[in-house]
Amino acid sequence: MAEIKTIGVVGGGQMGSGIAQLAAVNGVDVWLLDTDANALTRATKAISSSIQRLVSKGHLSQAIGTDALRRLRCTSKLEDLHSADVIIEAIVESENVKKSLFSELDKIAKVSAILASNTSSISITRLAATTNRPHQVIGMHFMNPPPIMKLVEIIRGADTSDDTFNATKVLAERFGKTVICSQDYSGFIVNRILMPMINEAFYALYTGVATKEDIDTGMKLGTNHPMGPLELADFIGLDVCLSIMKVLHVGLGDNKYAPCPLLVRYVDAGHLGKKQVSIIYPCI
Ligand code: CAA
Ligand code: NAD
């Protein structure tokens, strides 16, 4: 595939804004699309302040930071993504919503474009099946926060071509990431292992094993994790964690993946974590 000059990112939340930033600082022109105009305003602010933070710490030159902001354009019109060589989807973790978007993207994207999903857990094969280009659909799973975390997990669907895989790998490496490859099973590698741990931390809290502070301190100091599992859930978004647990539960068909009722209750109550207002795990 020719060099990737323009990408489209759909979804301007915490992941989409981070992916857009990463692409722009690596010299790619970016269209960032969200259906919510407020999300685009928040994304632009978050990208500016993250770039400023990287510049002030000497991780990025001012010239590259300024160039990145110039490369970034926001839109709410799907048609604007027609010029993109690769479109990376980072919308809500719902199979039906993503399927409907992939079928729309297939209509507006240029024939050669790759359609990638940043999904945490959902089948790439089933997303690809909603398009007429399943060989050009792939999972490109960034970690949060995308500008900082060093990994991209790549997932091939049943029909993903070698060309699509190679172009996606080259793009991830251009962004400075280490690539790992997963088969297309629910939760892939990272969330297959991480989410049951987070869910278990909720069970520990739910069943009164320990306080939230001791659960997090235990995993931080006892296993050298940068964040405790409850703090990490707050950082990822409790809605995202619950959606992933549901996909693991249904997709792998084992009750050991059943979402903890306390996690369900927080999400029911609208306590989603840091992206909204950070929650301190009150007893509800
Ligand atoms: N933009 C720019 N710079 C950032 C940043 C951002 N959004 N976030 C952090 N940084 C930089 C800071 O400026 C700082 O730089 P220096 O080292 O030069 O000082 C560095 O990163 C560390 O930041 P902080 O000192 O503020 O905070 P920290 O040391 O706690 O690090 C963290 C923050 C990198 C997020 C760290 O806490 C961490 O690694 N947490 C775990 C994150 C994790 O596990 N992510 C994966 C979640 S799972 C997933 O993503 C998959 C899924 O599908 C759910
Ligand atoms: P988020 O809630 O922060 O943002 C989602 C954004 O998508 C919102 O701004 C919303 O307005 C927008 N959106 C929803 N439907 C849309 C549509 N049809 N068209 C355009 N925009 C739409 O979510 P997030 O945490 O950024 O997660 C996005 C995706 O990335 C999910 O699939 C999630 O599983 C995955 N992911 C999340 C993390 C994480 O730590 N949060 C890590 C890796 C992957």
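Whatever order the structure lists them in is the order used to number ligands and atoms, beginning at 1. All values reported here derive from a predicted model rather than from experimental measurement. For this chain, numbers begin at 1 and follow the sequence in order.
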- Heavy-atom nearest neighbour in the protein, as seen from atom 6 (C) of ligand 1, with distance rounded to 0.1 Å: S50 OG, 3.7 Å

- Message: On a heavy-atom basis, I'd like to know which of Q21, M143, M195 is closest to atom 49 (C) of ligand 1.
- Response: M143

- Can you check whether a protein heavy atom sits less than 4.0 angstrom from atom 25 (O) of ligand 1? no

- Query: Counting only heavy atoms not in K110, do more than 12 sit closer than 6.0 Å to its NZ atom?
  - Reply: yes

- Query: At a non-hydrogen distance cut-off of under 4.0 Å, which region of M149 contacts ligand 1 (side chain, backbone, both, or neither)?
  - Reply: side chain

- Among all protein heavy atoms, pick the one closest to atom 27 (O) of ligand 1 and tell me residue, atom and distance. R53 NH2, 4.7 Å

- Look at R42 together with D34 and state whether they make a salt bridge at an N to O cut-off of under 4.0 Å. no

- Query: How does V190 reach ligand 1, if at all, at less than 4.0 Å between non-hydrogen atoms: by side chain, backbone, both, or neither?
  - Reply: neither

- Query: Does the protein put any heavy atom within less than 4.0 Å of atom 22 (C) of ligand 1?
  - Reply: no

- Note on the structure: Closest to atom 48 (S) of ligand 1 (heavy atoms only, candidates I244, L60, L194) is L194

- Note on the structure: To atom 53 (O) of ligand 1, the nearest of S120, P229, S121 on a heavy-atom basis is S120

- Query: Nearest to atom 34 (C) of ligand 1 by heavy atom, N191, I148, N144, I51: which?
  - Reply: I148

- Answer yes if a protein heavy atom lies under 4.0 Å from atom 13 (O) of ligand 1, otherwise answer no. yes

- Query: When you check the gap from the basic side-chain N to the acidic O, do E95 and K98 get nearer than 4.0 Å?
  - Reply: no

- Query: Can you check whether a protein heavy atom sits less than 4.0 angstrom from atom 29 (O) of ligand 1?
  - Reply: no

- Query: Do S182 and E153 get their side chains close enough for a donor-acceptor pair, meaning under 3.5 Å?
  - Reply: no

- Query: Which of the atoms of ligand 1 are close to K57, meaning less than 4.0 Å from one of its heavy atoms?
  - Reply: 13 (O), 14 (C), 15 (O), 16 (P), 18 (O), 19 (O)

- Task: Determine if the distance from atom 2 (C) of ligand 1 to the closest protein heavy atom is below 4.0 Å.
- Result: yes

- Query: Do I124 and T119 have side-chain heavy atoms sitting under 4.5 Å apart?
  - Reply: yes

- Does D184 pair with R126 as a salt bridge, N-O distance under 4.0 Å? no

- Test item: E93 side-chain N/O and S120 main-chain N/O as donor-acceptor pair under 3.5 Å: yes

- Counting only non-hydrogen atoms and a 4.0 Å cut-off, the residues near ligand 2 are V10, G11, G13, Q14, M15, L33, D34, T35, D36, A39, A90, I91, E93, K98, N118, T119, S120, H141, F142, N144, I236, V240, K275

- Item | Ionic contact status for R71 with D29, cut-off 4.0 Å | yes

- Item | For the student: nearest non-hydrogen atoms of S186 and L248, plus distance | O-CD2, 3.3 Å

- Message: Can you tell me if M15 contacts ligand 1 (heavy atom of the residue under 4.0 Å from the ligand)?
- Response: no

- Message: Looking only at protein heavy atoms, which one is nearest to atom 44 (O) of ligand 1, and what is the separation?
- Response: L232 CD1, 3.6 Å

- Message: I need the atoms of ligand 1 closer than 4.0 Å to a non-hydrogen atom of M227, numbered in the order shown.
- Response: 37 (O), 40 (N), 41 (C)

- Decide yes or no on side chain to side chain contact (heavy atoms under 4.5 Å, CB included) for I88 and F142, but give the supporting numbers first. CA-CA 10 Å; I88 304 175; F142 292 83; 4.2 Å; yes

- Item | Spacing of SG belonging to C241 relative to CE belonging to M245, to within rounding of 0.5 Å | 9.5 Å

- Taking atom 17 (O) of ligand 1 as the reference point, the nearest protein heavy atom with its distance: H59 NE2, 4.4 Å

- Item | Heavy atoms from other residues, nucleotides or ligands near NZ of K99 exceed 12 (cutoff 6.0 Å) | yes

- Query: Looking only at heavy atoms of V240, does any of them come nearer than 4.0 Å to an atom of ligand 1?
  - Reply: no

- Distance filter under 4.0 Å to P226 heavy atoms, resulting ligand 1 atoms: 38 (C), 39 (O), 40 (N), 41 (C)

- Identify the heavy atoms of V55 and S61 that sit nearest to each other, and give their distance. CG2-O, 3.8 Å

- Side-chain heavy atoms of Q21 within contact of L54, under 4.5 Å: yes

- For atom 38 (C) of ligand 1, decide whether some protein heavy-atom distance is shorter than 4.0 Å. yes

- Salt-bridged, K177 to E173, with N to O below 4.0 Å? no

- Query: side chain to side chain donor-acceptor pair (under 3.5 Å) between H225 and D216: does it pass, once the steps are laid out?
  - Reply: CA-CA 9 Å; H225 290 194; D216 274 350; over 6 Å; no

